[in-house]
Amino acid sequence: MNILAIGDIVGTVGCQFLHEKLPALKKAENIDLVIANGENSADGNGITKLSSELIFSGGVDVITLGNHTFKRKEIYEVLDNSLSIIRPANYPENTTPGNGYMVYDLGRIQITVINLMGCMFMEPLNDPYTVIDDILKKTDTRIKILDFHAEATAEKLAMAYYLDGKISAMFGTHTHVQTSDERIFPKGMGYITDVGMTGPYESVLGVVPELAVRKFREKLPVKFETAQGKCRLDCIKFTINDKTGKTLDVKRIEIL
Ligand SMILES: [Fe+2]
Ligand SMILES: [Fe+2]
């Protein structure tokens, strides 16, 4: 079983690039399931109904999110009604729209996809360790994949050691910069600290460079705009043994 995980898709320009590149990539790499982070897919940040539809029509099966999930009010209802868009599971339990994990049914096999957010240098949500323990108790699929949306490398690595042997693969998102540390942990969990970004190459994490520079220099609020032009698509392919749920191979991919 081959699962492709795609880094934060930024803006309409990122969604369009996904449409251009994903179909051929899925064919070439023999992909069974595509997961993509869509927290920045709407122009001006967050996710909208339209941007989520653009991601799905581009060939993605499950959308995960992060700290920008709730920027747009219109997505609240979509989250409550869509099983294929999940938000970090460690938001407050009874008041947060949507779900923190889902089970994708491929017919011959089911896959649990989980989304969590880190707490270092980010909004302090519920403890991700307690939350994922609870989810793992409730799910019995052999294959389980986690998008850990977090800032700090150490937080992602510590979580990886905690989850090795319990889930099939974990990929990090949020920094928008792909790390070159893809690996298989000792008990068979596939891993990368950050899978990267799908969006404009000449940008600061997707934002027009001049606007990012102004924000850092002048310290005043600046309305960010998505950069345009040449894009990149960052992703990772996990090859997983259907019978054991363990990762056999990890392949990091960047498409320019
Ligand atoms: Fe992001
Ligand atoms: Fe983020």
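Throughout, numbering of the chain's residues begins at 1 and tracks the sequence. Indexing begins at 1, ligand by ligand and atom by atom, following the structure's order.
Taking 2.8 Å as the criterion, H174 counts as a coordinating residue of the Fe ion (ligand 2), since one of its N, O or S atoms falls below it. At a cut-off of 2.8 Å, D8 is not counted among the residues with an N, O or S atom near the Fe ion (ligand 2). At least one N/O/S atom of N67, from backbone or side chain, sits under 2.8 Å from the Fe ion (ligand 2).
In this structure, the separation between OH on Y91 and CG on N115 is 9.5 Å, given to the nearest 0.5 Å.
For the pair OE2 of E39 and NE2 of H176, the angle at the Fe ion (ligand 1) is about 170°; rounding is to 10 degrees.
Evaluated for a side-chain contact (heavy atoms from CB on, under 4.5 Å) with H176, the options D194, V10, V195 yield exactly one hit, V10.
Using a 4.5 Å cut-off on side-chain heavy atoms (C-beta onward), E39 and D8 make contact. A 4.5 Å side-chain heavy-atom check between V207 and E225 finds every atom pair outside the cut-off.
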